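Heads up, the thing below is written out as structure tokens.
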Amino acid sequence: MEYKSPTYHVIAVPVEKVVPNTYNPNAVAPPEMKLLYESIKNDGYTMPVVCYYNKLDDKYVIVDGFHRYRIMLEHSDIYEREKGLLPVSVIDKPLDQRIASTIRHNRARGNHDVDLMGNIVKELHELGRSDAWISKHLGMDRDEILRLKQITGLAALFRDVKFGQAWRPSEDEDG
């Protein structure tokens, strides 16, 4: 039989039949959870939650996607729009393999490259996007945006920044 990846068999599962696993060490900070909510609100669920189906309990145990699951549970607008159905792809593996899969999924996400993120902020700025827009849509606070602008080294990125008058030349200084 030819192998077919689980993502080709996504099913809609009532969120009440989905349960978290007991071993996921991953945590998401509030700003990233807010960004995940905005992503699902604006783009919908673009990735299924990976689960193992426990026939005995008739439950889908999360292997990857706990935070996407939480968004549906914690936001009634998402729950209602999706009619309480969560997109799920099912893997059929023993517990040790599911644990390994969870960790692989978590670690494979990686981190954003600082230079590349600086270039993205630069490009969005050049497209006319404000810091407020960047903050809202990329989930960054003002300090992070400022640091990324500094990395690019382009003065044009600071044209909207108000600078204080902390230093002024003295009138009696020799020039």
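What you see is a predicted model, and the numbers here were worked out from it, not measured in a lab.
Across all non-hydrogen atoms, the minimal contact from D43 to T46 is O-CG2, 3.7 Å. Of all heavy-atom pairs between I134 and H125, the closest is CD1-N, 4.4 Å. Considering every non-hydrogen atom in both K149 and D131, the closest pair reads NZ-OD1, 2.8 Å. Between S89 and P6, the shortest heavy-atom distance links the atoms CB-O, 3.6 Å. Among all heavy-atom pairs drawn from S101 and I91, the shortest one is OG-CD1, 4.2 Å.
Y69 and L85 are not part of a single hydrophobic cluster, where members link through side-chain heavy atoms under 4.5 Å apart. Note: the hydrophobic cluster containing I78 does not contain L35 (ILVMFWY, side chain heavy atoms under 4.5 Å, direct or indirect links). No chain of hydrophobic side-chain contacts below 4.5 Å, direct or via other Ile, Leu, Val, Met, Phe, Trp or Tyr residues, connects V63 to I11. Linking ILVMFWY residues whenever their side-chain heavy atoms come closer than 4.5 Å, directly or via other members, places I40 and M33 in the same cluster. Two different hydrophobic clusters hold M47 and Y45 under the rule that ILVMFWY side chains link at heavy-atom gaps under 4.5 Å.
The residues E126 and K122 are annotated as salt-bridged, a charged nitrogen and a carboxylate oxygen being separated by less than 4.0 angstrom.
The distance from the NE2 atom of H75 to the CD atom of E80 is 13.0 Å, given to the nearest 0.5 Å. L148 contributes atom CG, which lies 9.0 Å from atom CD of Q150 (distance to the nearest 0.5 angstrom). Atoms OH and CG, from Y52 and N21 in turn, are 13.0 Å apart once rounded to the nearest 0.5 Å. Here C51 contributes atom SG and L86 contributes atom CG; the two are 7.0 Å apart, rounded to the nearest 0.5 Å. How far OG1 of T22 is from CG of L95: 7.0 Å, rounded to the nearest 0.5 Å.
Residue pairs that meet the side-chain hydrogen bond (donor to acceptor under 3.5 Å, both in side chains) test with at least one member in residues 56-68, sequence neighbours left out, are K17-D58, Y53-D58, N54-D57, D64-R68, D64-R109.
Results of the side chain to side chain contact (heavy atoms under 4.5 Å, CB included) test with V88 over V13, V10, V50 single out V13 as the only residue that passes.
Here the side chain of R98 pairs a donor or acceptor atom with the backbone of K93 at under 3.5 angstrom.
Remark: R81 CZ is packed, more than 12 non-hydrogen atoms of other residues, nucleotides or ligands lying under 6.0 Å away.
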I'd like to know whether F66 forms a side-chain contact (heavy atoms from CB on, under 4.5 Å) with T102, so could you lay out the CA-CA distance, the side-chain angles of the two residues, the decisive distance to 0.1 Å, and finally the verdict.
CA-CA 10 Å; F66 172 71; T102 296; over 6 Å; no

